[in-house]
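Notes follow once the structure below has been shown.
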Amino acid sequence: MSTQNKAHKPIKLATQSEHAAYFMPMLESFAEHGDLNEVVKNCVVKSCELLDSGVPLFPNDFRKENDAGSVRAEYEAYSGDELENLDETFALAGRMLSSRSFGKVIFFHLQDRTGRIQCYAEREALGDDAFKVFKKLDVGDIVGVTGTLFRTKTGELTLKCSGVKLLTKAFRPLPDKYAGLTNVELRYRQRYVDLIMNPEVRDTFIKRSHIISAIRRYLDGQGFLEVETPMLVSNAGGAAARPFETHFNALGEDFKLRISLELYLKRLIVGGLEKVYEIGRVFRNEGLDTRHNPEFTLMELYQAYTDYNGMMDLTENLYRHVAQEVLGTTTIVYNGVEMDLGRPFERITMIDAVKKYAGVDWNDVQTLEEARALADRHHVEYEDRHKKGDILSLFFEEFAEEHLIQPTFVMDHPIEISPLTKKKPENPEYVERFEFFMNGWEMANAYSELNDPLDQRERFKAQEELLAQGDEEANTTDEDFLNALEIGMPPTGGIGFGIDRMCMLLTDAAAIRDVLLFPTMKSLDTDKKASKTSTAAPEETEIPAEKIDFSKVKVEPLFEEMVDFDTFSKSDFRAVKVKACEAVKKSKKLLQFTLNDGTDTDRTILS
């Protein structure tokens, strides 16, 4: 049986079965992607033989009653005699991961979500026809088995099969059982294979699920209400990050994917819910590294009638509870470094941390010029737009963060980097905010929340100015949120936890991708798509005659005699002279233009 394809040689199978044609589209796809080999062909030939014998490849009439892990846990201590006297039949289902044939006897391992168990199939017990069918199965196939337990001569707990049924035929071979799946990028792209081949990976994600469940149980026990808030928003605020943008066709309006959970949860505090939390995905249009993925899981909670001190107590108790419940200990080890969640967490101000690790006493810094001079002496890079508080934060990041291995709260941040936080009454240049650090990583961020709508409006205005200067991570004014604050929000403490980093620490995972089932990856066919797009000839379309609205046309005085009015009358553009153009720092998209529009006053725009 064969078929012809322009991209490869005819596909030939060692069978005359009428079922062979059914598999040809799949084999064509395999060949086009370079995945067709003799193992795949032999698998298809055996599949044809099974179909010829009336054996379906994808039935759904077997019901699993037992798990491999629970069977092993319950009966591992039984002796051979005790198992022989055990009057119980088991029904398990899972994937065949190995097979060793000894003529009339076959040993194989069955793996389900709870683990593996050895199985034993012999022709005498199954019958000739069933045994013949079983021999046509391959490693990787999903089967259902029934049978009783016994111990082999080597003492291994084993299921003696009285029946074996094919439930799902696998056409792609699994990686070699000894080499396993070791290609890191392939593991991320094909997580389904990674989960099959690497039990420790499966354990990591089971543990991640337990971590999130433990967080929920703790917060529910503290009287918090779990809620859900919008992912599509018109104003993405609550964090310093670039959002993803999309278009909502039904409304004819541009939307953004949320970058935090904060502003909607605070609206609920205004509404009187008092203690709320959400665990959900947020999206930030930023880079990829070992600790960052553009979509990640964030937990934010807000509690009325408390402050950032209450949030510190909650964080300490929550981390301790989750570690004890999931790991059975409050001492964790990450990358060989032991961290103790059982003892009180250190609390230090940002100013004291900079003094401790950089040897700079920020209390002596009175002006922006002094801050810049200190930064120059210590080789800390800053931008013209950075103010004194921004430079303090840069000092902290440069000199202190890496030393914060044990659980540490860093408190009292400068107001310049905390637009949604309540000022410290005794020193309004700083705010009631802390960041929680472990292993040199920021694990959580918390505030005494700003509930003064007048102050909040001024903070938003300052953020707008930063945005105009090219800071793509600055917030924009959210009038509805201000409206909510004007209704009145009680004194509130709030905190945001990075769930993924928490899972990294508690599972000893080297990178954030190791705790995300399907991390963001560049598409393998991106270059091909780009090539097709660039080589495709544009379709010619007839452009209807345009009715010119001359009221929209304005030519600046300097260029009235130089501009073709008939050409520019079809647009809303103004003719100006570009005096200077330069890239905006920390922006991959923005350019800053200095323009002369004929009024003797230079205009600066960002584009």
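Start at 1 with the first residue, then count along the sequence.
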- For Phe436 and Phe345, what are the C-alpha separation, side-chain angles and deciding distance, and is it a ring-ring contact (aromatic ring centres under 6.0 Å, His included)? CA-CA 9 Å; Phe436 173 50; Phe345 295 2; 5.4 Å; yes
- Message: Before you tell me yes or no, could you show the steps for Lys207 and Val326 under side chain to side chain contact (heavy atoms under 4.5 Å, CB included), namely the whole-Å CA-CA distance, both residues' side-chain angles and the distance that decides it to 0.1 Å?
- Response: CA-CA 7 Å; Lys207 195 173 290 184; Val326 177; 3.5 Å; yes
- With a 4.5 Å limit on heavy-atom distance, are the side chains of Leu341 and Pro407 in contact? yes
- Task: Quick one: closest heavy-atom pair of Leu13 and Met24, and the distance?
- Result: CD1-CE, 3.7 Å
- For Asp129, look at atom CG and say whether over 12 heavy atoms of other residues, nucleotides or ligands are found less than 6.0 Å away. no
- Establish, for the pair Lys275 and Phe224, whether the NZ or CZ atom is under 6.0 angstrom from the six-membered ring centre and no further than 45 degrees off its axis. yes
- Residue pair Asp81 / Ser79, side-chain donor-acceptor N/O under 3.5 Å: no
- What are the two closest non-hydrogen atoms of Leu86 and Tyr78, and how far apart are they? CD1-CE2, 4.4 Å
- Geometric cation-pi criterion, Arg172 with Phe30: 6.0 Å, 45°: yes
- Message: Nearest 0.5 Å, please: how far is NZ in Lys64 from OG1 in Thr146?
- Response: 14.5 Å
- Query: Looking at side-chain heavy atoms only, is the closest gap between Ser70 and Glu74 below 4.5 Å?
  - Reply: no
- May I ask you to check whether Gln118 and Tyr120 show a side-chain donor-acceptor distance below 3.5 Å? no
- Message: Would you call the rings of Phe134 and Phe131 parallel, tilted or perpendicular, taking 30° and 60° as the class edges?
- Response: tilted
- Item | Residue Glu286 excluded, over 12 heavy atoms near CD under 6.0 Å | yes
- Message: Strictly below 4.0 Å, N to O, side chains only: are Lys46 and Glu49 in salt-bridge contact?
- Response: no
- Flag side-chain contact, heavy atom, 4.5 Å: Leu327 against Val322: no
- Task: Go through the steps to decide whether Glu124 and Lys104 satisfy the test salt bridge (charged side-chain N to carboxylate O under 4.0 Å, His left out), and finish with yes or no.
- Result: CA-CA 8 Å; Glu124 183 178 344; Lys104 300 178 181 180; over 6 Å; no
- Message: Pairing donors with acceptors under 3.5 angstrom, does anything connect the side chains of Asn183 and Tyr188?
- Response: no
- Heavy-atom side-chain contact between Tyr319 and Met443 under 4.5 Å: yes
- Message: Under a 3.5 Å cutoff, is there a donor and acceptor pairing between the side chains of Thr15 and Ser17?
- Response: no
- Query: Is there side-chain contact between Lys256 and Thr246, with at least one heavy-atom pair below 4.5 Å?
  - Reply: no
- Query: Judged by modelled atom types alone, do Glu278 and Thr229 share a side-chain donor-acceptor pair under 3.5 Å?
  - Reply: yes
- Message: I want to check something: taking the side chain as every heavy atom from C-beta on, are Arg513 and Arg187 in contact at a cut-off of under 4.5 Å?
- Response: no
- Query: Can you name the nearest heavy-atom pair linking Leu263 to Gly238, along with the distance?
  - Reply: CD1-N, 4.1 Å
- Main-chain N/O of Leu261 paired with Glu300 side-chain donor or acceptor, under 3.5 Å: yes
- Message: Under 3.5 Å, is there a donor on one side chain and an acceptor on the other for Glu228 and Tyr264?
- Response: no
- Task: Give the C-alpha distance, both sets of side-chain angles, the deciding distance and a yes or no for side chain to side chain contact (heavy atoms under 4.5 Å, CB included) between Val515 and Thr507.
- Result: CA-CA 8 Å; Val515 295; Thr507 62; 3.7 Å; yes
- Message: Among Asp203, Asp514, Asp500, which residue satisfies the salt bridge (charged side-chain N to carboxylate O under 4.0 Å, His left out) criterion with Arg208?
- Response: Asp500
- Tell me, do Leu301 and Met311 make a side-chain contact under 4.5 Å, heavy atoms counted? yes
- Message: Working note: Ile196 + Leu97, criterion side chain to side chain contact (heavy atoms under 4.5 Å, CB included); need CA distance, chi angles, decisive distance, verdict.
- Response: CA-CA 9 Å; Ile196 294 169; Leu97 285 192; 3.8 Å; yes
- Query: Looking at NE2 of His210 and CD1 of Ile212, how far apart are the two atoms once the value is rounded to the nearest 0.5 Å?
  - Reply: 11.0 Å
- How close do Leu50 and Leu137 get, heavy atom to heavy atom, and via which atoms? CD1-CD2, 4.2 Å
- Query: How about Lys132: does its NZ atom have over 12 heavy atoms from other parts shown lying under 6.0 Å from it?
  - Reply: no
- Message: Determine whether His292 and Arg501 satisfy the following criterion, side-chain hydrogen bond (donor to acceptor under 3.5 Å, both in side chains), listing intermediate values before the conclusion.
- Response: CA-CA 9 Å; His292 295 86; Arg501 290 189 189 177; 3.1 Å; yes
- Query: How long is the span from the NE2 atom in His19 to the CG atom in Asp52, to the nearest 0.5 Å?
  - Reply: 5.5 Å
- Query: Do Arg151 and Leu157 touch side chain to side chain, with heavy atoms closer than 4.5 Å?
  - Reply: yes
- Taking all non-hydrogen atoms of both residues into account, name the closest pair between Asp67 and Asp112 and its distance. CA-OD2, 3.4 Å
- Query: Should we say atom CD of Glu76 is surrounded by more than 12 heavy atoms from elsewhere, each under 6.0 Å from it?
  - Reply: yes
- Between Gln111 and Arg95, is any side-chain donor less than 3.5 angstrom from a side-chain acceptor? no
- Which atom pair, heavy atoms only, marks the closest approach of Pro294 to Phe244? CB-CZ, 3.9 Å
- Message: Between Arg202 and Asp194, does any NZ, NE, NH1 or NH2 come within less than 4.0 Å of an OD or OE carboxylate oxygen?
- Response: no
- Query: Step by step, would you call Phe497 with Leu318 a side chain to side chain contact (heavy atoms under 4.5 Å, CB included)?
  - Reply: CA-CA 11 Å; Phe497 286 91; Leu318 174 62; 3.8 Å; yes
- When the ring centroid of Phe90 is compared with that of Tyr75, is the distance short of 6.0 Å? yes
- Message: Does Arg281 have more than 12 heavy atoms from other residues, nucleotides or ligands lying within 6.0 Å of its CZ?
- Response: yes
- Message: Ring centroids only, cut at 6.0 angstrom: are Phe23 and Phe171 within range, meaning strictly under it?
- Response: yes
- Charged N to carboxylate O under 4.0 angstrom, Arg284 versus Glu295? no
